[in-house]
Novice: 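First the structure, which I've put down as structure tokens, then a few questions once you've had a look.
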Amino acid sequence: MKAKEVREMSVTELETKLSDLKKELFNLRFQHATNQLDNPVRIAFVKKDIARVKTILREKEING
């Protein structure tokens, strides 16, 4: 997910996306703990996507 794509989303879409990403991260961590995760690099990508969404949400909050 690119920052440009995230900036085009509304606040409600961003909050929904954030909750989805958090659920995905939980599931990936669970799979990693049980040695069922095929691609451990996916955890890092999801963490970065969460950071992007949180950053854009904060920018929108500050700018009104």
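Only heavy atoms go into these numbers, but all of them, side chains included; no hydrogens, no water, no symmetry mates.
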Novice: Can you name the side chain to side chain contact (heavy atoms under 4.5 Å, CB included) partners of Glu5, sequence neighbours left out?
Specialist: Met1, Lys2
Novice: List, one per line, each side-chain donor-acceptor pair under 3.5 Å for residues 31-41, sequence neighbours excluded.
Specialist:
residue	atom	partner	partner atom	Å
Thr34	OG1	Phe30	O	3.2
Thr34	OG1	Gln31	O	3.2
Asn39	OD1	Val41	N	3.4

Novice: Going by the rule side chain to side chain contact (heavy atoms under 4.5 Å, CB included), which residues pair with Thr12 if we only count those two or more places apart in sequence or in a different chain?
Specialist: Ser10
Novice: Looking at NZ of Lys17 and CD1 of Ile56, how far apart are the two atoms once the value is rounded to the nearest 0.5 Å?
Specialist: 14.0 Å
Novice: Applying a strict under-4.5 Å side-chain criterion to I, L, V, M, F, W and Y, I'd like to know whether Ile43 and Val53 cluster together.
Specialist: yes
Novice: Mind jotting down which residue pairs meet the side chain to side chain donor-acceptor pair (under 3.5 Å) criterion with at least one end in residues 43-56? Sequence neighbours excluded, please.
Specialist: Asp49-Arg52
Novice: Is there a path of hydrophobic side-chain contacts, each under 4.5 Å between heavy atoms of I, L, V, M, F, W or Y residues, that connects Met9 with Ile50?
Specialist: yes
Novice: Taking side chain to side chain donor-acceptor pair (under 3.5 Å) as the definition, give me every residue that meets it alongside Glu15, ordered by chain and number, with sequence neighbours left out.
Specialist: none
Novice: Among all residues two or more places apart in sequence or in another chain, which pass the side chain to side chain donor-acceptor pair (under 3.5 Å) test with Arg29?
Specialist: none
Novice: Hey, can you pull the donor-acceptor pairs under 3.5 Å for the side chains in residues 19-28, sequence neighbours left out?
Specialist:
residue	atom	partner	partner atom	Å
Ser19	OG	Thr16	O	2.8
Glu24	OE2	Arg42	NE	3.2
Glu24	OE2	Arg42	NH2	2.6
Asn27	ND2	Lys23	O	3.3

Novice: Between Lys60 and Arg7, is any pair of side-chain heavy atoms under 4.5 Å apart?
Specialist: no
Novice: Test of understanding: with salt bridge (charged side-chain N to carboxylate O under 4.0 Å, His left out), list the residues that count as partners of Glu13, not counting sequence neighbours.
Specialist: none
Novice: Could you list the residues that satisfy salt bridge (charged side-chain N to carboxylate O under 4.0 Å, His left out) with Glu61, not counting sequence neighbours?
Specialist: Arg58
